[in-house]
Amino acid sequence: MGWLILIVLLLIVLILLLSCVKIVPQATAMVVERLGGYRATWSVGLHVKAPFIDRVAKKVILKEQVVDFAPQPVITKDNVTMRIDTVVFFQITDPKLFAYGVENPIMAIENLTATTLRNIIGDLELDQTLTSRETINTKMRASLDIATDPWGIKVNRVELKNIIPPAAIQDAMEKQMKAERERREAILRAEGEKKSTVLVAEGKKESAILDAEAEKTAAILRAEAQKEKMIREAEGQAEAILKVQKANADGLRFLKDAGADETVLALKSFEALTKVADGKATKIIIPSELQNVAGTLTALAETVKTEKKEIADPV
């Protein structure tokens, strides 16, 4: 019986000792009180407290925490009521101040966030509120950080999650946005038509320039072809005249070699000159010796004509 009581007592002592041993995990702190008063803050590691007189008053998480608060009604400077919900990122930096600074830290942060938000939005008009999220976030973070410092809390970031204006304001904003989109569409359409007209005009201009250049080139080529044709024709005619004169000269030389008299030679020369003129020359210079022959031939021709006339018209 005595051994049983001893074993029970040993078990009780062992359980009591084990309950006095505490292991604090990472990113956690424990606030320890002795007889109702603050004694120490345990950080990461193994700790032992005195039985019956020491107790862990609060377990504090040191990691960054996120709190999403419900939408709060606020009034802008131009008397527009809207609802805004916020998200606060905070971290506990002093477990002792957090444990003894405020009764309900989360509720205190929520109320402080609502009042700070109302103060900031009250100085802004509706359009400024909708376009100044970053400014509002910065001001709120600075104000909350200063206010929560005595509580051992550091506010790292504040974000406006949603800004919900009244239904009438939303409808007016949608109409305004629609009108703005239609205006931009009309401007873009007009700019597109303008660019299209300019491009068409430039295309016509370039086409006219190319047509003129092509016509110019064609005219130059035609003129060069005509010039080349005339040169070739002149060269051909000159070559033909030279060949004719050469042939006549060869004929005269042949007659001379054959012993023809001067009258025959003069007649042949006259025939050569007639062929040279070819009916196109207006004036032909005939050597003197050929003029005598021509005169004789003319007189002979007149005699022949007179005789023919007398025969045709007898007395």
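In the hydrophobic clustering of ILVMFWY residues, with side-chain heavy atoms under 4.5 Å counting as a link, V60 and V155 come out together. In the hydrophobic clustering of ILVMFWY residues, with side-chain heavy atoms under 4.5 Å counting as a link, F98 and Y38 come out together. Hydrophobic clustering places L117 together with I106 (ILVMFWY residues linked when any side-chain heavy atoms are closer than 4.5 Å, directly or through intermediates). Linking ILVMFWY side-chain heavy atoms closer than 4.5 Å, directly or via other members, places V102 and I109 in a single hydrophobic cluster. When the side chains of ILVMFWY residues are joined at heavy-atom separations under 4.5 Å, either directly or via intervening members, L126 and L160 end up in a single hydrophobic cluster.
Taken to the nearest 0.5 Å, the CE atom of M140 stands 10.5 Å off from the CD atom of E159. Between L97 atom CG and I92 atom CD1 the span is 11.0 Å, to the nearest 0.5 Å. The distance from the CZ atom of R55 to the CD atom of E33 is 4.5 Å, given to the nearest 0.5 Å. Of the inter-residue distances, the one linking D123 atom CG with Q128 atom CD reads 9.5 Å to the nearest 0.5 angstrom. With rounding to the nearest 0.5 angstrom, the CD atom of Q26 is 9.5 Å from the OG atom of S43.
Ion pair E191/K195 not flagged as a salt bridge, since none of the NZ, NE, NH1 or NH2 atoms sits closer than 4.0 Å to an Asp/Glu carboxylate oxygen. The pair E180-R183 meets the salt-bridge criterion, since a charged nitrogen lies less than 4.0 angstrom from a carboxylate oxygen. With respect to the salt-bridge test (charged N to carboxylate O, under 4.0 angstrom), the residues K77 and E125 do not qualify. Ion pairing of E185 with R181 is absent here, as no side-chain N (NZ or NE/NH1/NH2) approaches a carboxylate O to less than 4.0 Å. A salt bridge does not link E193 with R189: every distance from a Lys NZ or Arg NE/NH1/NH2 to an Asp or Glu carboxylate oxygen is 4.0 Å or more.
Qualifying ring pair (Phe, Tyr, Trp, His ring centres under 6.0 Å) partners for W151, counting only residues two or more places apart in sequence or in other chains: none.
R118 is not listed as a side-chain neighbour of I75, based on a closest heavy-atom distance of 4.5 Å or more. Looking only at side-chain heavy atoms (C-beta outward), M82 and T76 come within less than 4.5 Å of each other. Within the 4.5 Å cutoff, no side-chain heavy atoms of N111 are placed close to those of F69. Using a 4.5 Å heavy-atom cutoff, the side chains of Y100 and V31 are in contact. With a 4.5 Å cut-off on side-chain heavy atoms, D149 and T93 do not count as touching. When side chains are defined from C-beta on, V80 does not count as touching T129, because their heavy atoms never get closer than 4.5 Å.
Within 6.0 Å of CD in E233 there are more than 12 heavy atoms belonging to other residues, nucleotides or ligands.
The aromatic rings of H47 and W42 lie parallel to each other, their planes meeting at an angle below 30°, with 60° marking the opposite boundary.
In the hydrophobic clustering (ILVMFWY side chains linked at under 4.5 Å, chained through shared members), L35 is joined by I53.
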